[in-house]
Undergrad: 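I am attaching a structure below and will ask some questions about it afterwards.
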Amino acid sequence: MKPSEKRILEVKKLTMDFGGLRAINSLDLDICDKEIAALIGPNGAGKTTFFNCITGIYKPTSGDVIIHKNGNTERINGVKPNLITKKGFARTFQNIRLFGNMTVLENVMIGRHCRSKSSVAGAIFRHKSNRQEEKDIVNFSYDILKKIGLEASVNELANNLPYGDQRRLEIARALATEPFLLLLDEPAAGMNPNETASLTDLIIRIRDEEGISILLIEHDMKLVMKLSERIFVVDYGKKIAQGTPEEIKSNPNVIKAYLGEETNA
Ligand SMILES: Nc1ncnc2c1ncn2[C@@H]1O[C@H](COP(=O)(O)OP(=O)(O)OP(=O)(O)O)[C@@H](O)[C@H]1O
Ligand SMILES: [Mg+2]
């Protein structure tokens with residue numbers, strides 16, 4: 001990290017045990033303001049577990065998860081996922097988790113409800129008192145879908161979208177929570193090359209236009225090398241390297257643990 005850069009997330013010595021299995025082993029990682037960073041490593045290395053630990057799905061066995069925001073510092077270990085969302089973390093999941101029988105717009109509106117006073121039930125049954133807030137949520141959600149390029153599909157059922165669009169919709173729903181940090185778990189998985197190219201542009205735009213920091217887990221090395229300012233590499237739950245794409249490409253430990261597998265594939 002350059003001294004001039006502001007850290008927004010600081011994870012120190014994070015450890016997560018599942019019974020006898022140490023899925024994350026004393027991992028240090030930090031994210032700077034408006035940075036695009038990647039977390040890579042072989043299957044089962046602990047990447048998704050890391051996301052689950054910092055978003056409150058799992059309470060880490062030990063270590064610190066610290067956020068720095070508006071001059072305040074807060075340790076958020078064990079804080080529940082809905083509160084972590086309110087604090088400004090948003091994520092997508094390795095296995096798409098959309099409401100398939102709801103429309104594209106409704107999926108984004110659900111994301112938005114974490115920042116509104118009315119409940120999701122209130123929105124669905126449309127209580128009178130909630131109507132203005134509902135209108136605002138619809139407009140806000142529609143604007144996000146425009147930015148993401150899904151405005152033509154607002155009334156489609158999420159299940160009927162092409163796969164690449166479903167992944168983009170997950171990002172739209174995450175953005176509806178107005179995060180300062182966006183965590184993407186394998187956003188390009190299953191995408192064709194055209195979809196991956198447009199995802200790459202989208203991620204850059206989210207950072208440049210919205211000022212949101214991004215940490216992505218990804219197996220597509222071309223995408224990782226193109227997008228990331230810094231890369232963290234894990235293997236068996238341990239960080240084995242961190243650095244710029246150039247540094248990572250030439251790191252012998254990384255080649256042995258991970259990139260070697262890919263290039264030989
Ligand atoms: N809830 C759980 N209970 C027990 N073991 C778990 C649990 N979640 C993850 N693990 C184990 O922790 C290790 C890390 O899993 P994780 O899903 O974090 O890997 P990953 O790096 O995301 O892999 P992939 O690239 O395949 O998605 C694996 O050995 C996995 O089986
Ligand atoms: Mg995973």
Side-chain angles (χ1 to χ4, degrees), residues 9 11-31 36-65 76-82 84 89-98 163-164 166-168 170-171 173-174 181-191 195-196 199 203 214-228 230-243 245 248-249 251 253-265:
L9 170 70
V11 178
K12 293 188 204 164
K13 297 200 179 315
L14 190 83
T15 294
M16 181 74 216
D17 291 338
F18 295 113
L21 176 84
R22 181 147 289 183
I24 304 192
N25 192 348
S26 200
L27 189 73
D28 291 334
L29 183 151
D30 63 278
I31 300 294
I36 300 179
L39 178 61
I40 67 169
N43 291 119
K47 305 179 297 294
T48 298
T49 303
F50 179 81
F51 273 16
N52 287 337
C53 285
I54 65 171
T55 55
I57 291 179
Y58 299 144
K59 185 166 190 267
T61 305
S62 59
D64 296 312
V65 183
I76 58 163
N77 296 47
V79 173
K80 294 278 169 277
N82 60 327
I84 300 258
F89 284 23
R91 73 176 286 185
T92 63
F93 292 88
Q94 191 165 346
N95 305 312
I96 294 176
R97 294 193 192 175
L98 292 168
Y163 186 77
Q166 291 192 19
R167 286 225 170 258
R168 293 167 78 86
E170 274 224 313
I171 296 176
R173 190 177 56 186
L181 175 64
L182 180 60
L183 305 161
L184 304 172
D185 196 345
E186 300 199 22
M191 285 192 169
E195 288 171 334
T196 305
L199 174 74
I203 291 173
I214 294 165
L215 176 61
L216 63 130
I217 294 172
E218 191 42 71
H219 286 288
D220 180 335
M221 280 309 117
K222 210 170 130 216
L223 178 113
V224 166
M225 295 298 167
K226 184 163 179 207
L227 274 179
S228 315
R230 281 191 308 160
I231 300 172
F232 300 88
V233 190
V234 286
D235 195 15
Y236 296 107
K238 269 198 153 189
K239 186 170 71 180
I240 59 165
Q242 104 174 46
I248 294 302
K249 269 185 209 165
N251 182 307
N253 290 337
V254 178
I255 293 165
K256 198 168 142 212
Y258 188 74
L259 294 176
E261 274 184 7
E262 292 282 311
T263 47
N264 293 338

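Numbering of ligands and ligand atoms starts at 1, following listing order. Nothing here was measured: the structure is a model prediction, and the numbers come from that model.
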Undergrad: Write 'none' if nothing qualifies; otherwise put on separate lines each N/O atom of ligand 1 with a protein N/O atom under 3.5 Å away and their distance to 0.1 Å.
TA:
residue  : atom   : partner : partner atom : Å
ligand 1 : 1 (N)  : Y58     : OH           : 2.9
ligand 1 : 18 (O) : T48     : N            : 3.4
ligand 1 : 18 (O) : T49     : N            : 2.9
ligand 1 : 18 (O) : T49     : OG1          : 2.6
ligand 1 : 19 (O) : G46     : N            : 3.4
ligand 1 : 21 (O) : A45     : N            : 3.2
ligand 1 : 21 (O) : G46     : N            : 3.0
ligand 1 : 21 (O) : K47     : N            : 2.9
ligand 1 : 21 (O) : K47     : NZ           : 2.8
ligand 1 : 22 (O) : T48     : N            : 2.9
ligand 1 : 22 (O) : T48     : OG1          : 2.9
ligand 1 : 23 (O) : G44     : N            : 2.8
ligand 1 : 25 (O) : N43     : ND2          : 3.2
ligand 1 : 25 (O) : K47     : NZ           : 2.7
ligand 1 : 25 (O) : H219    : NE2          : 2.9
ligand 1 : 26 (O) : N43     : ND2          : 2.9
ligand 1 : 27 (O) : Q94     : OE1          : 3.1
ligand 1 : 27 (O) : Q94     : NE2          : 2.7

Undergrad: Mind checking side-chain hydrogen bond (donor to acceptor under 3.5 Å, both in side chains) for E186 and listing every partner two or more places apart, or none if nothing turns up?
TA: Q94, H219
Undergrad: Would you give the length of the straight line joining atom CG of D235 to atom CG of N25, rounded to the nearest 0.5 angstrom?
TA: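 D235 CG to N25 CG: 11.5 Å, rounded to 0.5 Å.
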Undergrad: Can you confirm whether N82 is buried at CG, in the sense that more than 12 heavy atoms of other residues, nucleotides or ligands lie under 6.0 Å from that atom?
TA: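 Atom CG in N82 is packed in, count exceeds 12.
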Undergrad: Would you say K256's side chain and N251's backbone share a donor-acceptor pair under 3.5 angstrom?
TA: no
Undergrad: Going by atom type alone, with no hydrogens or angles, which donor-acceptor pairs under 3.5 Å involve a side-chain atom of residues 12-22 and a protein atom two or more places apart or on another chain?
TA:
residue : atom : partner : partner atom : Å
T15     : OG1  : S26     : N            : 3.0
D17     : OD1  : R22     : NE           : 2.7
D17     : OD2  : R22     : NH2          : 2.9

Undergrad: Strictly under 2.8 Å of the Mg ion (ligand 2): which protein N/O/S atoms qualify?
TA: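 Under 2.8 Å from the Mg ion (ligand 2) - ignoring waters, which are not counted - the protein N, O or S atoms are T48 OG1, Q94 OE1.
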Undergrad: Counting only N and O atoms by type, is there a donor-acceptor contact under 3.5 Å from the side chain of E218 to the main-chain atoms of A188?
TA: yes
Undergrad: Please confirm whether the backbone N or O of F232 pairs with a side-chain atom of K239, one donor and one acceptor, at under 3.5 Å?
TA: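 Looks like no, no N/O pair under 3.5 Å.
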Undergrad: Does D30 pair with R230 as a salt bridge, N-O distance under 4.0 Å?
TA: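 Looking at D30 and R230, the cut-off is met.
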Undergrad: Would the number of heavy atoms belonging to other residues, nucleotides or ligands and lying under 6.0 Å from OH of Y236 be above 12?
TA: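 No, the 6.0 Å shell around OH holds no more than 12 heavy atoms from other groups.
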